[in-house]
Structures are given as C-alpha cells and as structure tokens.
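I have placed the structure first, in the form of structure tokens, so that the comments after it can refer back to it.
All ligand and atom numbering here is 1-based and tracks the order in the structure. Basis for what follows: all heavy atoms, side chains included, without hydrogens, waters or symmetry-related copies.
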Amino acid sequence: MENKTVYLNGDYLPLNEAKVSVLDRGFLFGDGVYEVIPAYSGKLFHLQDHLLRLENSLAGIRLANPHSREQWQAILQPLLSGVGDEYIYLQITRGTAAKRDHAFPADVPPTVFAMGSPIAPFAGRDTGVKAITLDDKRWALCNIKAITLLGNILHRQAAVDQDAAEALLVKDGIVTEGAASNVFVVIDGVLLTPPKSNQILPGITRDVIVELAAKNGIACHETSFSLTDMQSASEIWVTSSTREIIPVVELDGNAVGDGKPGPVFHAMNAIYQAYKQSLM
Ligand code: PMP
C-alpha cells in the first residue's frame, strides 16, 4: 500500500499509522460528513464553495465546525503534491464515544481525517459512458454530504453489475441525480439540470457549469424533468469533482442522441477545461 502522508486530528502521519478507534461514530453509525475537493497544479478548486457546503453539511447533522476556513486551507494544502490533477478527501465524524448509543455524546471532539490523491484521467470523458436508470431509494437529506452512503453504493453497484458507469436516479417519475454525480440533459437545444433541493447533493461542478453556461451564452435552466423527458434528450451528462463532465451515450441500452458525445457537451467541456486552466 502506498504510504503517503495523511492528516488525522492535528497530526500529519504516514497512512499506515493513521488509526481511529472501533468506537468512532463514523465506523459504528456512519455519523459524519465529507468533502471531495479537486486541486489543479496545487490550487484547490472553488475551495470557498466546498467549505461552504461543508459548513452546511455539518450544520445539517448538528456537528460544530472544528476549524475556520483559513485553518481548513492550512490543514489541506500540505496534503497536495502540487503536480497535475489531485483531490483532497476530507471526513469529519462525531468522534469516539465511550459507549455505543445513537444519541449524540457530550463533550467528544470530532474525528478529522484528510488525504490527497492523484486524479486518474477518465477515458469515459472522450468516449462517453453507459448509464442505467433506477428508482432513487435514498433518504430525504441528500443535500447533506453524509458519509452514510449505502444507498448510493447499492445504486452504483447495480450500474456496475450491468456494465454501466453510473445509475441515474428517479424519484416519483422525476430525475434527481446520479449515484455519485449530478445530471444535465439537453432537450430542444436547452441545457437542464434539476433544481437544488433536499433530494440532491448541491454539486460544485454543477454550480460551475450553470455559471459558465450563463457567461458563455449557453441556455441553461435549473428545472425538474421526468424520466420520459430524459429518455427524449439529445444529450445526457453526469458531473462530479473528480470526473468533471462525462457524456452518457447509452441509457438503459438505448443510444442517447446519435450515440456519441454531443455538440453541447463538446462546447461546455472546452469552456470548463479553459476555465480550469485559467485558475492554475
Ligand atoms: N451527487 C452525489 C450523490 C455525489 O456523490 C457527488 C460527488 N461525487 C455529486 C453529486 C457531485 O458533486 P461535486 O460536483 O461537488 O463533486
């Protein structure tokens, strides 16, 4: 196992020496939140947006934020090599209580863990990927970036079992998001993405795309759409921090558009890549 330096509760130490108790509430209950923050050439991408989402996630589970934004940046920066595309994984749990009890423990410090990793290039960006649709069986607080990911995991694995890269989730006929991504569709030449709600994670990549579309004259609306609408789309994309924008070229075995990444994807991907470059 690669023995890189990671951060745990105030210390930088080799990965194989980073240990948490089996009584940690992250381990016992999945009681914690996380962030995934990309960094390009050592520069954390939209750090303030990620830290704002972290603040919202912590507030959503009633866990005090242990650090200021300046402190977070100082903690995370040394975990980057500064070379190429990387990402920080940051996790905060409600700490280690003396006994297992669902209710919050009193006066227990949170467990804070962070590590940096390279982002491997994803070939699916050029070729497009297959996706399946599934009934969204997750809970009603999907806006919180909780480490409790069993629903997402089961949805993603169902996709992988069918040789697909992502599961697109549908709640009461309405498309929510991917198992680990947000979703965009192009219908009648207009880019659509579901509005923010408790049913989706407010993706940072999603927000950047909505902003870049507005700045570059690409019509884009934050609007709900149905599974039937999505089935008629000329383009479908999934977006996330580590994969950026990925075109879906096959949905439930049917070609999306002409079965190749579409023109709006090519335009937006070029804009996104140029934007990334401009921040390095
Ligand atoms: N939705 C879910 C459920 C996710 O897990 C993710 C991140 N993998 C996203 C959306 C995309 O969020 P971001 O663009 O901030 O990575």
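Near ligand 1, residues R53, R138, K145, N152, E177, G178, A179, A180, S181, N182, L201, G203, I204, T205, T239, S240, S241 each place a heavy atom inside the 4.0 Å sphere around the ligand atoms.
Here K4 pairs with nothing under the salt bridge (Lys or Arg N to Asp or Glu O under 4.0 Å) rule; sequence neighbours left out. Evaluation of the salt bridge (Lys or Arg N to Asp or Glu O under 4.0 Å) rule for R138 yields D136, E177 as partners, not counting sequence neighbours. The side-chain contact (heavy atoms from CB on, under 4.5 Å) test applied to E244 returns Y40, D85, R125, Y272, Q273, K276, not counting sequence neighbours.
No side-chain heavy atom of F113 sits under 4.5 Å from any side-chain heavy atom of Y34. The side-chain heavy atoms of Y87 and S241, taken from C-beta on, include no pair separated by under 4.5 Å.
Judged by the 6.0 Å and 45° rule, R94 forms no cation-pi pair with F29.
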